[in-house]
Number of protein chains: 2
Amino acid sequence: MTRSTTSARPPGRPRSGVNAVVFAATLSTVNELGYAHATVDRIAAAAGVAKTTIYRRWPSKGALIVDCLLDAFGPLPLEGASRAAFMSSAIHWIAAKISEPGVGDAFAGVFSDAVSDPALREVLSTRLQDPYRLALQDALGEPENRVLFFIDVVVGTLLHRMGMTGEPMVDADVAALVEMVLPHFTDGPGPT
Amino acid sequence: MTRSTTSARPPGRPRSGVNAVVFAATLSTVNELGYAHATVDRIAAAAGVAKTTIYRRWPSKGALIVDCLLDAFGPLPLEGASRAAFMSSAIHWIAAKISEPGVGDAFAGVFSDAVSDPALREVLSTRLQDPYRLALQDALGEPENRVLFFIDVVVGTLLHRMGMTGEPMVDADVAALVEMVLPHFTDGPGPT
DNA sequence: CGGTATCGATACCTTTGGTAGCGAAACTGG
DNA sequence: CCAGTTTCGCTACCAAAGGTATCGATACCG
C-alpha cells in the first residue's frame with residue numbers, strides 16, 4: 001500500500017496500511033449518520049485509528065472525503081458503441097455509484113462544503129472533476145465548456161434530487177435524464 | 001409590517017419592524033463573506049440588532065435564510081404566450097434572481113445545509129419548493145413528478161455550476177439549458 | 001398602574017474541525 | 001546493538017459557530 005514501486009523507503013517508521021480501513025469506515029459512518037454527523041472523531045473510532053493519524057494523512061475532512069470518493073468511484077468505464085450509448089452508460093454509471101451506501105451522501109456533502117470553502121473547491125476540482133472531465137473530452141472529442149455544461153446538468157440534477165429527498169434518484173428519472181441528454185450526442189461512433 | 005389586517009393586536013410590546021432590515025443585512029453579509037462566514041452574529045451586527053432578536057423570530061439560521069430568499073424571490077411571474085415561452089422566461093427569471101448579489105450564495109448555502117439536516121430540508125421544501133412547484137403545475141397542467149424532475153434539472157444545474165465556480169452561470173449556458181428543456185414543453189398555449 | 005411581550009446585552013453551553021505535545025513503537029543504516 | 005527518524009495512539013487543548021438562558025429596560029393595552 002505504501003510506495004512499493006520506485007525510490008528507496010524513506011527513513012523512520014513506515015505508515016501502517018490503514019487507508020483502506022479508513023475509507024471503509026468513512027463510507028459506513030456517513031451512511032449510518034449522514035455527512036454532518038459523520039465527524040472525524042467518529043470516523044477515526046470506527047476505523048480503530050486515532051484522530052491525529054487521520055489528520056497526519058489528510059489535511060482536512062473534505063480532503064479525506066474526496067480521496068474516499070476517488071477510491072470508491074474508480075475510473076470512468078470507457079465503453080459504448082456510439083456516442084449516445086457511451087453517454088447513456090456514463091450517466092447510468094454515475095447514478096449507480098451515487099446510489100451505493102454512503103457514497104451519495106458523501107458526494108453531496110463534500111459538494112455542499114465546497115460552496116463556502118474555496119480551498120476545498122480547489123481540491124474537489126483538481127482531484128475529482130478534472131480527471132473525469134478530461135476522460136470525457138478525450139473519449140468524445142468534445143470541447144471543454146460543453147463537457148462542463150453536461151457535467152453540471154447530470155451531476156447537478158442527481159445531487160439536487162438527493163439533497164431534496166435524502167435518497168438517490170429513481171431509475172425512471174435517471175432514464176428521463178438520459179433521454180434529455182442523448183439528442184446532444186448523436187453523431188459519430190463511440191470511444192470503444 | 002406586524003399584523004395590520006384582522007384580529008386584535010396581542011398583549012405586550014409589539015415587535016419592531018426590522019424584518020426587512022435583517023433580510024437586507026443577511027443578503028449583504030452573505031454577498032460579502034460567503035454563506036459559511038455569514039454567521040448569525042455578523043448578520044445581527046450588520047442589521048444593528050441583537051442576536052437574540054433574530055432567534056426570537058427565526059428558529060435557526062436556515063429558517064432565516066429561507067425567509068430571506070422567499071422575500072428576495074417573490075412570486076413566479078406567470079407570463080408566456082406559449083408553454084415553451086413560459087418555461088424559457090421562467091428559467092431566465094430564476095437564473096437572474098440567483099445572479100443577484102448574495103441571493104445565489106444564500107440559495108446554494110441553504111441547499112447545502114439541507115443535505116444533512118432533515119428539519120431544514122422540510123422547511124426548504126414546504127416554504128420554497130412547494131409553492132413554486134404548485135405554481136408551475138397550475139400554469140402548465142403538468143403532473144407533479146414531471147415538474148419535480150425539471151426543477152431538479154434547472155435548479156440543480158444552476159446550483160452545481162455556482163457551487164463549482166463560485167459564480168452564477170453565464171448567459172450562454174443559461175441559453176443552453178433553455179434549449180435543452182424547451183423540446184419538452186412544445187404543446188398548447190402558455191398560461192398568460 | 002398592572003400585565004404582558006419584546007428589546008439589547010451578556011454570559012454560557014455544546015459540537016466540531018483542527019492542533020500541540022508526549023512517550024512508545026517501527027524501521028534503516030552503521 | 002544502537003542512534004536517528006518517523007509514525008503511532010493518547011490526551012489535552014483551541015477557536016469558531018449555532019443556539020439558549022437570564023435580566024433589566026421598554027413599549028403597548030386595558
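Every value quoted in this text rests on a predicted model; they were computed, and no experiment measured them. The chains referred to below are lettered A, B, ... by the order of the sequence lines, with proteins before strands, and numbering in each begins at 1.
The existence of a salt bridge linking B:R127 and B:D67 is confirmed by a sub-4.0 Å separation between a basic side-chain nitrogen and an acidic carboxylate oxygen.
With rounding to the nearest 0.5 Å, the separation of CZ in B:F111 from CG in B:L159 is 6.0 Å. The CG atom of A:L158 sits 12.0 Å away from atom NE2 of A:H160, with the distance rounded to the nearest 0.5 Å. Atom NE2 of A:H37 is separated from atom CD of A:E32 by 12.5 Å, given to the nearest 0.5 angstrom.
A straight line from CD1 of A:I43 to P of C:dT16 spans 12 Å, rounded to a whole angstrom. Going from atom CH2 of A:W58 over to atom P of D:dT7 covers 13 Å, rounded to whole Å. In this structure, CG of A:L120 is placed 13 Å from C1' of C:dG17, rounded to the nearest angstrom. Residue A:D41 contributes atom CG, which lies 9 Å from atom C1' of C:dG17 at whole-angstrom precision. With rounding to whole Å, B:D117 atom CG is found 13 Å from D:dG19 atom C1'. Atom P of nucleotide C:dG17 and atom CG of A:D113 are separated by 9 Å, given to the nearest angstrom. Put simply, CZ on B:R15 is 12 Å from P on C:dG8, counting in whole angstrom units. Spacing between atom CG of B:N19 and atom C1' of C:dT6 amounts to 13 Å, rounded to whole angstrom units.
The ring of B:F86 has its center no closer than 6.0 angstrom to the ring center of B:F185.
In this model, the phosphate group of C:dT16 is approached by a side-chain N or O of A:R42 to a distance below 4.0 Å at OP1 or OP2.
Figure legend: cation-pi geometry between A:K61 and A:Y55 absent, as NZ or CZ is not positioned both under 6.0 Å from the six-membered ring centre and within 45° of its axis.
Here C:dT16 is the nucleotide among C:dG18, C:dT16, D:dG19 with the atom lying nearest to any side-chain atom of A:T39.
B:S82 places no side-chain N or O within donor-acceptor distance of the main-chain N or O of B:P189, the cut-off being under 3.5 Å.
Two residues, A:R57 and B:A36, neighbour DNA chain D, and the one matched to the more 5' nucleotide by heavy-atom proximity is A:R57.
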## Note on the structure
In 5'-to-3' order, the base (B), backbone-only (S) or no-contact (-) status of each nucleotide in nucleotides 19-30 of chain C, using a 4.0 angstrom heavy-atom cut-off, is BB----BBSS--

